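Note that the structure is a prediction, hence the values are computed from the model and not measured.
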Amino acid sequence: MSNSARAEAVLALHRFGMGPRPGSIAVVGTDPRGALIAELDRPLALTAAASLPSSAKAYRTVADANARRTARARQAQQQAKKQQMAAVPAASNDQAQGQAQGQAEGQGAEKDAVEMAAKQAAEAVPDPGRPIYLQEAKLRTEAALAADIGFAERLVWFWSNHFCVSANRIQSMSGAYEREAVRAHALGHFVDLLLAVEGHPAILFYLDNLESMGANSTAGINRSRGLNENFAREIMELHTLGVRTGYTQDDVISFANVLTGWTLVPPGADPQHGGEFTFNPRLHEPGGQTVLGKRYEQEDVEQGRAVLRDLAAHPATATHVATKLARHFVADEPPPVLVEQMAKTFRDTEGDLKQVAIAMVSSDEAWRGPPSKLKRPGEWVVGMARATGITQVDPVRYTGGQELLGEALWRPPAPKGYPDDEASWIDGVGRRLDVANNFAERITGMADPQVIIEDVFASEIAPEVKQAVGRAESRPQALALLFMSADFQRR
């Protein structure tokens, strides 16, 4: 393989994949664009996903545990109070004098004892949400480590962040949401991905649509509750059209009314289907609605689906999606020609996301720029592990490291997800040194920095980095220097 071919193969692995791993240069070969496209034809399903609960089952499992926790706490409170009441007569017979003086202190101590008993009883019921989250994290991360190139996995990560939810609010569903709604449609048509995402209970929970009700709906009249605009606004602003694309506040309100009734089955109401999506007509605002100048007269869940289909086909959505994809993979300020090529493909193929991805890697504009884009923490950490040949992870350690670096898994700070520009991440590079040093110490017995440079990276490492690694005082120091180099940090 020529020097230029090796350089392009490494660039393909960094810019579009998860980073080089043992044997990946050979997989890419002399046709990196063809190798990237070929990876999109392979199944995206996770091989061990059958061992994980569905989002609805995970939600029910946590709800059941919470109910048991509450019941145990109440039982403990009642038992503690009974014991205290049984002890009062004996104390009053022997110590009738002076009881008034210590009554307040005694009551305070008794209250503390009751609360402590309740807390201990509740904590005795384990929280299943955390183990489910860690199992999902492990499966997702190991899929990225095992991929030959990782282009398809990067696309899953991109769309998961584009349509983000937060495990801080819905921990039990966060991983299953990505599997069920995002991964299953990441290489299909955008409209199908949009419908799957916006109809998923996790995002309905995260974006506060569960209690939204129309003012003239049965529930709205009976309960005097109101409309919540969050869900509709984020769909238009973040998921489809983008900001400042012609929609008005009236459009947001009308769309929010369209989406009333989109909710989930309460786990207590139905132990078999709790946590699943449902349309509740009692919450839905009756009558037609006008969104972006079009009238929607449907009276059920199809009203919302019709609006989503039109948003998916809107020209502004094509531009918004193409811009975000190009920014994520290519440059903070992506070439306008590349964005237009991708947007045109989106429009011409009715939002075929696989074809949009192919258009991106097929364009010369996607390859011309130098590897100047700073990797996000998740990409960098996985890149380190891939370079050393690691295929399995400790999810506790991995998710802890992600949180330390500011990109906690499935925990973005806002509905717009984690940012994709260098300015948002450059200040945190210093913390990467601690992670690199720690990782290097742990894997020093199984990873040779010279092997990584020569075999995994095909010597496509800057000369000054090779020199620094060669002069390092120890193998852990050499590894840390390599991991912190621009060849690892940028793509």
J.: Taking atom CD as the centre, does E350 end up with more than 12 heavy-atom neighbours from other residues, nucleotides or ligands that are less than 6.0 angstrom away?
T.: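 No - once you tally the heavy atoms of other residues, nucleotides and ligands closer than 6.0 Å, there are 12 at most.
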J.: Using a 3.5 Å distance criterion without hydrogens, assess whether the side chain of N161 forms a donor-acceptor pair with backbone atoms of Y418.
T.: yes
J.: So K138 and E142, salt bridge (Lys or Arg N to Asp or Glu O under 4.0 Å) or not? Walk me through it.
T.: CA-CA 6 Å; K138 179 178 174 63; E142 290 178 355; 2.6 Å; yes
J.: Hey, is the main chain of L404 close enough, under 3.5 Å, to the side chain of R431 for a donor-acceptor pair?
T.: yes
J.: For the side chain of R282 and the backbone of G261, is there at least one donor-acceptor N/O pair under 3.5 Å apart?
T.: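 Such a contact is absent between R282 side chain and G261 backbone.
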J.: Taking the side chain as C-beta and beyond, is there a heavy-atom pair between L195 and R309 under 4.5 Å?
T.: yes
J.: Quick check: do I170 and Y177 have side-chain heavy atoms less than 4.5 Å from each other?
T.: no
J.: With a 3.5 Å distance limit and no angle check, can you tell me whether T444 reaches the backbone of E441 through a side-chain donor-acceptor pair?
T.: no
J.: So how far is it from L134 CG to T141 OG1, rounded to the nearest 0.5 Å?
T.: 10.5 Å
J.: Can you list the steps and then say if R233 with E237 is a salt bridge (Lys or Arg N to Asp or Glu O under 4.0 Å)?
T.: CA-CA 6 Å; R233 187 182 310 279; E237 180 177 313; 5.6 Å; no
J.: Indicate whether the side chain of Q272 and that of R60 have a donor and an acceptor atom separated by less than 3.5 Å.
T.: no
J.: Quick one, W380 and V435 - any side-chain contact, counting heavy atoms below 4.5 Å?
T.: yes
J.: Knowing that exactly one of K373, R432, E379 qualifies, which makes a side-chain hydrogen bond (donor to acceptor under 3.5 Å, both in side chains) with Q489?
T.: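 The option that passes is R432.
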J.: Look only at the side chain of D127 and the backbone of V62, and say whether a donor-acceptor pair between them is shorter than 3.5 Å.
T.: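 Not a single qualifying donor-acceptor pair exists.
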J.: Starting at CG of L204, measure out to CE of M173 and round the result to the nearest 0.5 Å.
T.: 9.0 Å
J.: Show the nearest heavy-atom pair for residues P126 and A65, with the distance to one decimal.
T.: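 Where P126 meets A65 most closely, the heavy atoms are O-CB, 4.1 Å.
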J.: Hey, mind stepping through M213 and N280 against side-chain contact (heavy atoms from CB on, under 4.5 Å) and telling me if it holds?
T.: CA-CA 10 Å; M213 57 188 71; N280 188 341; over 6 Å; no
J.: More than 12 foreign heavy atoms under 6.0 Å from CD of E403: is that the case here?
T.: no
J.: Regarding H284 and S217, do their side chains bring together a donor and an acceptor under 3.5 Å, going by distance alone?
T.: no
J.: As a quick check of understanding, evaluate side-chain contact (heavy atoms from CB on, under 4.5 Å) for R183 and L46, giving each step before the final call.
T.: CA-CA 9 Å; R183 180 175 291 274; L46 298 175; 3.5 Å; yes
J.: Does any non-hydrogen side-chain atom of W367 lie less than 4.5 Å from one of R33?
T.: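 Side-chain contact under 4.5 Å: yes.
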J.: Say you draw a straight line from CG of L227 to CG of N257; how long is it, rounded to the nearest 0.5 Å?
T.: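 Spacing of CG (L227) from CG (N257) equals 5.0 Å.
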J.: Name all pairs fulfilling the salt bridge (Lys or Arg N to Asp or Glu O under 4.0 Å) condition that reach into residues 161-171, sequence neighbours left out, sorted by first residue then second.
T.: R169-D208
J.: In terms of heavy-atom contacts, does CZ of R490 have more than 12 from other residues, nucleotides or ligands at under 6.0 Å?
T.: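 Counting neighbours around CZ of R490, more than 12 heavy atoms of other residues, nucleotides or ligands fall under 6.0 Å, so yes.
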J.: Under the criterion side-chain contact (heavy atoms from CB on, under 4.5 Å), I'd like the reasoning laid out for F255 against F231: C-alpha separation, chi angles, the key distance, then a yes or no.
T.: CA-CA 9 Å; F255 189 25; F231 189 36; over 6 Å; no
J.: Do N437 side-chain atoms and L433 backbone N/O form a donor-acceptor pair below 3.5 Å?
T.: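 Such a contact is found between N437 side chain and L433 backbone.
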J.: Once you measure the plane-to-plane angle for W159 and H162, does it fall in the parallel (<30°), tilted (30-60°) or perpendicular (>60°) bin?
T.: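 Perpendicular, since the angle between the ring planes exceeds 60°.
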J.: Looking at S24 and R21, would you say the former's side chain and the latter's main chain have a donor-acceptor pair under 3.5 Å?
T.: yes
J.: Is a donor from one side chain sitting under 3.5 angstrom from an acceptor on the other, for D64 and T61?
T.: no
J.: Measure the OG-CD1 distance between S363 and I358 for me, rounded to the nearest 0.5 Å.
T.: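 Taking OG in S363 and CD1 in I358, the distance rounds to 13.5 Å.
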J.: Taking C-beta and beyond as the side chain, do F163 and L193 meet within less than 4.5 Å on heavy atoms?
T.: yes
J.: Verify, without hydrogens or angle tests, whether R386 (side chain) and G19 (backbone) share a donor-acceptor contact under 3.5 angstrom.
T.: yes
J.: I want to check something: taking the side chain as every heavy atom from C-beta on, are L264 and Y59 in contact at a cut-off of under 4.5 Å?
T.: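 Counting from C-beta outward, L264 and Y59 do come under 4.5 Å.
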J.: Check the pair R411, Q171 against side chain to side chain donor-acceptor pair (under 3.5 Å), reporting the backbone distance first and the verdict last.
T.: CA-CA 9 Å; R411 283 186 164 91; Q171 178 175 247; 3.1 Å; yes
J.: Under a 4.0 Å threshold between the charged nitrogen and the carboxylate oxygen, would E136 count as salt-bridged to R179?
T.: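 Yes, charged N to carboxylate O under 4.0 Å.
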J.: Test Y133 against S174 for side-chain contact (heavy atoms from CB on, under 4.5 Å), laying out the working first.
T.: CA-CA 7 Å; Y133 168 83; S174 54; 3.8 Å; yes
J.: ring-ring contact (aromatic ring centres under 6.0 Å, His included) with W157: which residues, sequence neighbours excluded?
T.: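 Counting only residues at least two positions away or on another chain, W157 forms no ring-ring contact (aromatic ring centres under 6.0 Å, His included).
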J.: So H14 and F457, would you call those rings parallel, tilted or perpendicular, with 30° and 60° as cut-offs?
T.: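 Tilted, since the angle between the ring planes falls between 30° and 60°.
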J.: Could you please spell out the steps behind the side chain to side chain donor-acceptor pair (under 3.5 Å) verdict for W410 and E178?
T.: CA-CA 9 Å; W410 298 317; E178 181 179 282; 2.9 Å; yes
J.: Show the numbers, then the answer: is there a salt bridge (Lys or Arg N to Asp or Glu O under 4.0 Å) between K57 and E276?
T.: CA-CA 9 Å; K57 185 175 181 180; E276 296 178 4; over 6 Å; no
J.: Give a yes or no answer on whether the side chain of E39 reaches the backbone of A152 with a donor-acceptor pair at less than 3.5 Å.
T.: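 The answer is yes, because a donor-acceptor pair under 3.5 Å joins these two groups.
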J.: Walk me through it: do D421 and R327 pass the test salt bridge (Lys or Arg N to Asp or Glu O under 4.0 Å)?
T.: CA-CA 8 Å; D421 62 294; R327 180 180 298 124; over 6 Å; no
J.: Between the side chains of H328 and D420, is a donor N or O closer than 3.5 angstrom to an acceptor N or O?
T.: yes
J.: Locate the shortest heavy-atom distance separating A343 from A322; write the atom from each residue and the value.
T.: N-CB, 3.6 Å
J.: Does H314 reach the side chain of L241, with side-chain heavy atoms less than 4.5 Å apart?
T.: yes
J.: Assert yes or no for the condition that the ring centre distance of F151 to F329 is strictly below 6.0 Å.
T.: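 Yes: the rings meet the under 6.0 Å criterion.
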J.: Pairing donors with acceptors under 3.5 angstrom, does anything connect the side chains of S55 and H200?
T.: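 Per modelled atom types, S55 and H200 side chains form a pair under 3.5 Å.
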J.: Counting C-beta onward and ignoring hydrogens, is there a side-chain heavy-atom pair between K375 and W425 closer than 4.5 Å?
T.: no
J.: Do the side chain of Q402 and the main chain of A408 share a donor and acceptor less than 3.5 angstrom apart?
T.: no
J.: Using distance alone, with no hydrogens and no angle criterion, decide if E198 and H239 have a side-chain donor and acceptor under 3.5 Å apart.
T.: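 Yes.
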J.: Do E285 and T260 get their side chains close enough for a donor-acceptor pair, meaning under 3.5 Å?
T.: no
J.: Rounded at 0.5 Å granularity, tell me how far CG in D352 sits from OG1 in T345.
T.: 9.5 Å
J.: For the CG atom of L308 and the OG1 atom of T240, what is their distance to the nearest 0.5 Å?
T.: 8.0 Å
J.: Regarding N66 and R69, do their side chains bring together a donor and an acceptor under 3.5 Å, going by distance alone?
T.: yes
